[in-house]
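In what follows, a structure is listed as structure tokens, so that the remarks can point back to it.
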Amino acid sequence: MTYEQPPKKHVPTQKKVKRISIATVILAMYIWTFMSIDIEWKEAFNRFASNYNVVVPQLFSPNWARAGEVIEKMVETVFIAYVGSLAAAILAVPLGFLSAINMTNSRILSTIGKWVLSAVRAFPEIILAIMFVVVVGPNPFAGILAIAIGSTGMLGKLYAEVLESIDMNVVEAMQANGANKIQIMFHGIIPQVIPEFLSYAIYRFEIDVRASTILGYVGAGGIGTMIFFAYSNRNWSDMGMILLVIIVVVTLIDYGSTYIRKRIV
Amino acid sequence: MANNINKPSLNDDRYAPLLSPWRAKAKLSLVFFIILFFLWYSSRTTGVDFGDLIMGFTNMGQIIDKLFPINMDVLAPAFDRLIETIHMAIIASTFSTIIVIPVSLLAANNITHNWFVYNATRLIMNILRTIPDVVLAVIFVGIFGTGPIGGIVALFIFSLGILAKLISETVEAIDMQPIEAMRASGANTIQSIAYGVMPQVAPQFTSFALYVFEINIRASVVIGLVGAGGIGQLLMSQFSFNNYGAVMTIILVIFVVVVIIEYISTKIREAII
């Protein structure tokens, strides 16, 4: 008994050409990448062989003597993230309303809002931190400003998406009953969006804790300062302690925030 | 009856309207005051001073004078370094998307039924995700020395953590019926994964891979600051020479590239899903 293969699906030529050209572009990209990147493999391998035993065992034997100091800096880091993301959660509200097309009813305004938000998002936090260190000096406040501005970009975008997905029937019904703009705002729109706004703000706080651990590297306060010193002195057991504290604190905050977000939504 | 189980009933206290609004109000006010208290406390400890900010803006004026006119001489080296950044991101994203396939299958509870393997993989990936990208870069630059290779390894580990979470969640959400049908007609594990799981997750998989590439471009700017190659390294060296005109040029170049890549990757992702 012979089995026949099921008939092959007919693929139009246009689609075939499209697929082949995509594959060619991707292949060309990889050839370009591997041909032109300048890595001295041999030297890197030698360095790896000689440094491995210096770095890795020390990382896994954290220097407990500095635990107190590291924890203190980590608390400062969490505070930076807290103030920064709270400020962003408030700053993002007007920008979110501006970018949501159903709130402004104007394509121009909402496009401007979206452009502003994506422009803000294009700056990595650490570059914002460098700028604010120049403005307010090397202290935690510079970190707070960097976090606040950096988070506004993402929160504003998420807020706008939430606003665009609300039930507009409620708003229309209120308008028909003669409610004014402020009444619509407080009784029609805000009750619909508040749980998701809060949930995103808490989620952003989670990301900000991670982001603010590195701000100190350019002098903007928090545990990053210690990372900088441990790295410049090649003190890997201090680095191990810092890593341990970061991992524990970030994990705890993640669990806490997931729990709160589940309760809210 | 089975379908009655999840229906809310008014006897259930959770679904009943609150009879005493003051209780809800008291609870909300309490939360509000706790948030305010933390705000006050942490602003005090971190030294928030809006006076500094306003004073700083006069400083900012001077800095802006320094930042402009931008220094176009740095454009050629910036472009070279930018290419290096893109290469680093491409290599790191490629390897992490390959490695993440087995890892994400091990971290999905509908594919991996072994409790120990599932939880161990998840734990390792969660720990990887908590380590900030710059810390990874510092460690791998310490091991491999300055240059792109430390950066590539750091980006690889960093994106592996993100991808493993996203993709294992996608795998957990797939329809298990085709796989059961395949198992019943005698397919082995590899076959049921290749023909049952992969076609279901392929669009999201591609979209997440692009997303990680986007994140890697941004992250490779940052990790360059610690000497891990790419345009970040150039930025940091110009910054330490107080060469602000060049710094501004590099920031603008980064900005333009990030916007362009985000735009392209969003368009491709929209086309896929």
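Any value given below was found using the heavy atoms of this structure, including those in side chains, with hydrogens, waters and symmetry copies removed. Remember, it's a predicted structure, so these values are computed and weren't measured experimentally. Numbers restart at 1 for each chain; the letters A, B, ... are given by sequence-line order, proteins then strands.
Ranked by heavy-atom pairs shorter than 4.5 Å toward chain A, the options Leu235(B), Val226(B), Leu225(B) are led by Val226(B). Contacts with chain A were tallied for Val259(B), Ile139(B), Ile127(B); Ile139(B) has the most, counting heavy-atom pairs under 4.5 Å. Between chain B and the options Met239(A), Arg121(A), Arg234(A), the largest number of non-hydrogen pairs under 4.5 Å is found for Arg121(A). With chain A as partner, the option from Pro148(B), Gly232(B), Gly142(B) having the largest number of non-hydrogen pairs under 4.5 angstrom is Gly142(B). Each of Val218(A), Ile227(A), Leu243(A), Thr251(A) has some count of heavy-atom pairs under 4.5 Å with chain B, and the biggest count is that of Leu243(A).
Interface remark: Val257(B) contributes no atoms to any contact with chain A (heavy atom separation under 4.5 Å). The parts of Ala119(A) that come within reach of chain B are both its backbone and its side chain, each placing non-hydrogen atoms under 4.5 angstrom from that chain. Contact annotation for Ile254(B): only side-chain heavy atoms (C-beta onward) come within less than 4.5 Å of a heavy atom of chain A. Of the two parts of Phe140(B), neither the backbone nor the side chain holds a non-hydrogen atom closer than 4.5 Å to a non-hydrogen atom of chain A. Interface remark: Phe228(A) contributes no atoms to any contact with chain B (heavy atom separation under 4.5 Å). In this structure, the portion of Thr213(A) lying under 4.5 Å from any heavy atom of chain B is its side chain and not its backbone.
Summarising the local packing, CH2 of Trp115(A) is surrounded by 12 or fewer heavy atoms from other residues, nucleotides or ligands at distances under 6.0 Å. Applying the 6.0 Å contact sphere to CD of Glu72(A) captures no more than 12 heavy atoms from other residues, nucleotides or ligands. Other residues, nucleotides and ligands place more than 12 heavy atoms under 6.0 Å from the CZ atom of Phe255(B). Summarising the local packing, CZ of Phe60(A) is surrounded by 12 or fewer heavy atoms from other residues, nucleotides or ligands at distances under 6.0 Å. Atom OH of Tyr211(B) has 12 or fewer heavy atoms from other residues, nucleotides or ligands within 6.0 Å.
Nearest approach of Trp236(A) to Val138(B), heavy atoms of both residues: CH2-O, 3.6 Å. The minimum heavy-atom distance linking Tyr82(A) with Ile35(B) is given by the pair OH-O, 2.9 Å. When all heavy atoms of Ile246(A) and Thr130(B) are compared, the closest pair comes out as CG2-O, 3.8 Å.
Looking only at side-chain heavy atoms (C-beta outward), Val135(B) and Tyr231(A) stay at 4.5 Å or farther from each other. In this structure, Val221(B) and Ile126(A) have side chains that are not in contact, with every pair of non-hydrogen atoms separated by 4.5 Å or more. Under the 4.5 Å side-chain criterion, counting only non-hydrogen atoms from C-beta, Ile83(B) is in contact with Trp32(A).
With values rounded to the nearest 0.5 angstrom, Tyr255(A) atom OH is found 6.0 Å from Asn126(B) atom CG. Remark: Thr33(A) OG1 to Ile90(B) CD1 distance equals 3.5 Å, nearest 0.5 Å.
Within the structure, salt bridge (charged side-chain N to carboxylate O under 4.0 Å, His left out) contacts touching residues 231-252 of chain B (residues at least two apart or in different chains) do not occur. Residues in residues 217-226 of chain B take part in these side chain to side chain donor-acceptor pair (under 3.5 Å) pairs, two or more places apart or across chains: Arg218(B)-Glu262(B).
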